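Quick notes on the structure that follows.
So that the names make sense, note that chain A is the first sequence line, chain B the second, and so on, each numbered from 1. Remember, predicted model here, so these are calculated numbers, not experimental data.
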Number of protein chains: 2
Amino acid sequence: MLSMTRTVSRPANDGQFAALVGEQVCCSEFTYRRGTEVFGEGEEAEYVYQIVSGAIRTYKLLCDGRRQINSFHLPGDLFGLENGAVHRFTADAVIQTKVRITSRRHLLDRIEHQEAGQASLLTLVTRNLQHAENHMLLLGRKTSVEKVAAFLLEMDRRQDHPDVLSLPMSRRDIADYLGLTLETVSRALSTLRDDRMLRFDGQTQRQLVLLDRQKLAQLDA
Amino acid sequence: MLSMTRTVSRPANDGQFAALVGEQVCCSEFTYRRGTEVFGEGEEAEYVYQIVSGAIRTYKLLCDGRRQINSFHLPGDLFGLENGAVHRFTADAVIQTKVRITSRRHLLDRIEHQEAGQASLLTLVTRNLQHAENHMLLLGRKTSVEKVAAFLLEMDRRQDHPDVLSLPMSRRDIADYLGLTLETVSRALSTLRDDRMLRFDGQTQRQLVLLDRQKLAQLDA
DNA sequence: GAGCGCTTTTGATCTAGCTCAACTCCAAGC
DNA sequence: GCTTGGAGTTGAGCTAGATCAAAAGCGCTC
């Protein structure tokens, strides 16, 4: 049940959890299988999570099933706290995902007795807000190829510019993140491949190599 | 220069500023004319603002001029603080707008010596994040008519369900908020009028009456 | 290692919303 | 009053991206 699907190379933002939770980490670990729900929209926020390995998506649904993914959470990322007392969206596992869990109450109590705590909590929420602001610009005003280019650069940055970028999520997930259909995402990727900005690596279509980050960044506008 | 364009009926969220700034309000007032910039993206955040009357839009631009408006700020709203040290977007006046200004530094100093301060600052940023999350769903997954219906209901709610809803912003502003063109906004409004969900009031097209909020809410999905 | 199901790609067609353009309606200035 | 200009509406046609469909590729399980 706990077999790792990815090796984790000490992500850049790993300090977050320690800064908030403190050093003698009082938390348990848990592994969610692919597609399992971590928490649902409207549920009370009891726990806070940090990803050890895998990937989580958080999203909102319209009544007819249309889905908008807010964000993907990767190893090192903290999530479930930005919410306030009640979760404002659903979170589930994109692939098998191992998380560290601590109770929200425990974490907030700790924060109250720590000067830096309040500040780092505010920093966390502010960072989320900043991401959301950038994403609104993308959703409202970018073309499909610009969206996909921006997505690739975001994943590349968050994985510290690896030689091979591995995407844990499906084309449908990417589409629901970018406000497109899965076919349009696929076509945009093919366009970028044909224009020599990336190539697929190995058999799977989820490993790819960015061949020209500069050109991608220009597309991102 | 200071003539009011709207009467203000003590907005619901007016407590914000007082809660953060304190009672003996140390701040000056200023009036911006229609179209004037309050602050620009990338500028250092020196001041924090609360709207007395009028309306402010905050937005980001792509290099070729495409614009995405994050939010409209109406009387009572606080803005310019959520940013952190540097403004992440531009703010300018939709119409002639009177604001109360206080220095960011002054406000943050005050907050540090106040238990409730940190919490209410966090609450403010969290509220902004929540708005952004809802707006991402709108931008990524709603149709033009759904977007316009949602916009009208938002304005209606924020003005406390007035008999006549007055929109300070142009069709182009609404379009740039909803990720549409101004023509599409105009057509959507005409559709809603034809379907008896609203009617225009008086001469101007910026005063309207919501005839069936329930039906609008259904559209909002 | 054959078969099945899921994911992805690619093609063909459709359509919501964009673009371009004309016209109306005010409001402001002379 | 007349003129000018910005704002809004409406129409006609276009296009980016959606939808529908088929096939290919991969990773399961047995």
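Dashed line: the shortest gap from a side-chain N or O of B/T181 to OP1 or OP2 of C/dG17 is not under 4.0 Å.
Rounding to whole angstrom units, CZ of residue B/R141 and P of D/dG17 are separated by 13 Å. One atom, CG of A/L180, and another, P of C/dT15, lie 20 Å apart when rounded to the nearest Å. Rounded to whole Å, the distance from CG on B/D173 to P on D/dG6 is 16 Å. A straight line from CD of B/E146 to C1' of C/dG17 spans 14 Å, rounded to a whole angstrom. The CG atom of B/D176 sits 13 Å away from the P atom of D/dA7 (whole-angstrom rounding). Rounded to whole angstrom, the span from the CG atom of B/L138 across to the P atom of C/dG17 amounts to 12 Å. Separating the CG atom of B/L178 from the P atom of C/dG17 is a distance of 12 Å, rounded to the nearest angstrom.
With respect to A/D176 and A/R57, no salt bridge is recorded, no charged nitrogen being found less than 4.0 Å from a carboxylate O. By the 4.0 Å N-to-carboxylate-O rule, A/R67 lies close enough to A/D173 to be salt-bridged with it.
Ring pair A/F39/A/H87 is parallel by interplanar angle, where below 30° counts as parallel and above 60° as perpendicular.
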Is there any protein nitrogen or oxygen under 3.5 Å from a nitrogen or oxygen in nucleotides 1-11 of chain C, and what are the pairs?
| from | atom 1 | to | atom 2 | distance (Å) |
| --- | --- | --- | --- | --- |
| C/dT7 | OP1 | A/R34 | NH2 | 3.4 |
| C/dT7 | O3' | A/R206 | NH2 | 3.3 |
| C/dT8 | OP1 | A/R206 | NE | 2.8 |
| C/dT8 | OP1 | A/R206 | NH2 | 3.2 |
| C/dT8 | OP2 | A/R171 | N | 2.8 |
| C/dT9 | OP1 | A/R171 | NH2 | 3.1 |
| C/dT9 | OP2 | A/R171 | NE | 2.9 |
| C/dT9 | OP2 | A/S186 | OG | 2.6 |
| C/dT9 | O5' | A/S186 | OG | 3.0 |
| C/dT10 | OP2 | A/S190 | OG | 2.7 |
| C/dT10 | OP2 | A/R193 | NH2 | 3.3 |
| C/dG11 | N7 | A/R187 | NH1 | 3.0 |
| C/dG11 | O6 | A/R187 | NH2 | 3.1 |

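Side-chain contact between A/H131 and A/E154: present, with at least one pair of heavy atoms (C-beta onward) separated by less than 4.5 Å.
Side-chain contact check for A/D92 and A/Y59: at least one donor-acceptor pair (N or O, by modelled atom type) lies under 3.5 Å.
Of the possible polar contacts, one joining the A/N128 side chain to the A/L124 backbone as a donor-acceptor pair under 3.5 Å is found.
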